[in-house]
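Structure first, commentary second.
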Amino acid sequence: MRIATYNVNGVNGRLPVLLRWLALARPDVVCLQELKAPQDKFPEAALREAGYEAIWHGQSRWNGVAILSRSGTLHETRRGLPGDPLDEQSRYIEAAVGGVLVAGLYLPNGNPRPGPKFDFKLRWFERLHAHLAELVALDAPVVIAGDFNVMPTDRDVYVPERWRDDALFAPEVKAAYARLLEQGWTDALRHMHPDETIYTFWKYWRGAFERDAGLRIDHILLNPAAAARLVDADVDRRPRGWEKTSDHAPVWVELAPAARKTRSARRAKSAS
DNA sequence: ATGACACATTATATGTGA
């Protein structure tokens, strides 16, 4: 089962790129961020035509998240991150699909720092920490995928010195991400490629992609049950080189099929 | 320190992004 995350930077503006990539990569499940589309302007029909059903949480102009599936029905379990009834931004959506719980998120950018946007980012992180504490220990595999707007370490930034005070790289933000991992989540990309330079975002200007001057800010976290099934993970750099493309590239994980329960295991479970 | 570029809006300048 292949699960991907892709910050499309405008789901309608990028629809040709998104459809081309879906046809090429054929992921089973995809979390999208930065739809930049109100709820009724999501391209549901075009995606269905491409073989994907979808759930989405739109918002005019900014934010917006969706989950697509071509290989199993999406059973939505949550939209919106709990913990702040005043937060109306569309940044979190969660669904069960094919025996896996999948969450798609778009963490606040947080710039400028310091300031109210940065404070909102830290509070969002605290709410995420509280919610993920409930998910990490589930027996079912859980996959948290999205644009976290955090470079976790120096290795994830092309020139770390230029980003020290930025809201994507500030010590408080790196610490908040590290606290998530301490709950027991596996950073799938870093786990599969411990020593590589990996980027998922490149600015549009100054030939950043051609120079490979990028950032690693899109992440996929796995709870222990999902990590036990991790086969591979990588960045799909191909669509970043296309015309009229997003400034992010898709990130994906491949999970092995669930082990078939043995007769004795089923018996033990039903007896418990 | 600044800017490069691109998205959206019942737009034609502005806010946001990273």
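Since the structure is predicted, the reported quantities are computational estimates derived from the model, not experimental observations. Just so we're on the same page: letters track the sequence lines, and every chain starts at 1.
A donor and an acceptor atom never sit less than 3.5 Å apart when one is taken from the side chain of A/Asp166 and the other from the base of B/dA18.
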For residues 67-74 of chain A, dump all side-chain donor-acceptor pairs below 3.5 Å to protein atoms at least two apart in sequence or in another chain.
residue : atom : partner : partner atom : Å
A/Ser69 : OG   : A/Ser71 : N            : 3.4
A/Ser69 : OG   : A/Gly72 : N            : 3.2
A/Ser69 : OG   : A/Gly72 : O            : 2.6
A/Arg70 : NE   : A/Arg26 : O            : 3.2
A/Arg70 : NE   : A/Pro27 : O            : 3.2
A/Arg70 : NH2  : A/Arg26 : O            : 3.0
A/Ser71 : OG   : A/Asp28 : OD1          : 3.3

Pairs of donor and acceptor atoms involving the side chains of residues 156-163 of chain A, under 3.5 Å and at least two apart or interchain, shall be tabulated with distances.
residue  : atom : partner  : partner atom : Å
A/Asp156 : OD1  : A/Arg190 : NH2          : 2.8
A/Asp156 : OD1  : A/Arg216 : NE           : 2.7
A/Asp156 : OD2  : A/Thr153 : N            : 3.0
A/Asp156 : OD2  : A/Thr153 : OG1          : 2.9
A/Glu161 : OE2  : A/Arg164 : NH2          : 3.4

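Between the C1' atoms of B/dA18 and B/dC7, the separation comes to 13 Å (whole Å). If you take atom P in B/dA1 and the same atom in B/dA13, they sit 31 Å apart, rounded to whole Å. For the P atoms, the distance from B/dA6 to B/dT10 is 23 Å, rounded to whole Å.
Put simply, CZ on A/Arg14 is 6 Å from C1' on B/dA6, counting in whole angstrom units. Between A/Asn7 atom CG and B/dC7 atom C1' the separation is 11 Å, expressed in whole Å. Protein atom CZ of A/Phe118 is 14 Å distant from nucleotide atom P of B/dG17, rounded to whole Å. For the pair A/Asn63 CG and B/dG17 C1', the computed distance is 10 Å after rounding to whole Å. The distance from atom CG of A/Leu107 to atom C1' of B/dA18 is 13 Å, rounded to the nearest whole Å. Atom NE2 of A/His219 is separated from atom P of B/dA18 by 12 Å (rounded to the nearest Å). Look at CZ on A/Phe201: it is 13 Å from C1' on B/dC7, rounded to the nearest Å. Spacing between atom CG of A/Leu15 and atom C1' of B/dA6 amounts to 17 Å, rounded to whole angstrom units.
Residue contacts for A/Asp218: at a heavy-atom cut-off of 4.0 Å it reaches no nucleic acid atom on any strand shown. Contact annotation for A/Phe169: no contact, since no heavy-atom pair falls under 4.0 Å across all strands. Among the atoms of the strands shown, only primed sugar atoms or phosphate atoms (P, OP1, OP2) are found under 4.0 Å from some heavy atom of A/Lys117. Here A/Asp247 lies out of heavy-atom contact (under 4.0 Å) with every strand.
Take the nearest nucleotide of DNA chain B for A/Gln89 and for A/Leu35: the residue whose nucleotide is more 5' is A/Leu35. Comparing A/Gly10 and A/Glu34 by the nucleotide of DNA chain B that holds the closest heavy atom to each, the one mapping nearer the 5' end is A/Gly10.
Side-chain N/O atoms of A/His248 include none lying less than 4.0 angstrom from OP1 or OP2 on B/dG17. OP1 or OP2 of B/dA18 has at least one side-chain nitrogen or oxygen of A/Tyr106 nearer than 4.0 Å. A sub-4.0 Å separation between OP1 or OP2 of B/dA18 and a side-chain N or O of A/Asn149 is present. Of the side-chain N and O atoms in A/Asn9, none sit less than 4.0 angstrom from OP1 or OP2 of B/dA8. Between B/dA18 and A/Asn109, a contact under 4.0 Å exists linking OP1 or OP2 to a side-chain N or O.
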Produce the list of close N/O pairs, under 3.5 Å, pairing protein atoms with atoms of nucleotides 1-5 of chain B; give distances to one decimal.
residue : atom : partner  : partner atom : Å
B/dG3   : N2   : A/Arg206 : NH1          : 2.5
B/dG3   : N2   : A/Arg206 : NH2          : 3.0
B/dA4   : N3   : A/Trp205 : NE1          : 2.5

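A/Phe118 meets the ring-ring contact (aromatic ring centres under 6.0 Å, His included) test with no other residue; sequence neighbours excluded.
For A/Trp252 and A/Asp234, the side-chain atoms include no donor-acceptor pair closer than 3.5 Å. When only modelled atom types and interatomic distance are considered, A/Asn111 and A/Lys117 share no side-chain donor-acceptor pair under 3.5 Å.
A/His193 NE2: more than 12 foreign heavy atoms inside a 6.0 Å radius.
Residues A/Arg79 and A/Gln39 share a closest heavy-atom pair of NH1-NE2, 3.8 Å.
Hydrophobic clustering, with ILVMFWY side chains joined whenever heavy atoms are under 4.5 angstrom apart, keeps A/Leu101 apart from A/Val97.
A donor-acceptor distance shorter than 3.5 angstrom exists from the side chain of A/Asn12 to the backbone of A/Lys41, with no hydrogens or angles considered.
Here B/dC7 is the nucleotide among B/dC7, B/dA8, B/dT16 with the atom lying nearest to any side-chain atom of A/Lys244.
A 4.5 Å side-chain heavy-atom check between A/Phe209 and A/Thr245 finds every atom pair outside the cut-off.
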Base, backbone or nothing for each nucleotide of nucleotides 9-14 of chain B, written B, S, -, heavy atoms under 4.0 angstrom, 5' to 3'?
SS----
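Residue pairs meeting the salt bridge (charged side-chain N to carboxylate O under 4.0 Å, His left out) criterion with at least one member in residues 86-98 of chain A, sequence neighbours excluded, are A/Asp87-A/Arg127.
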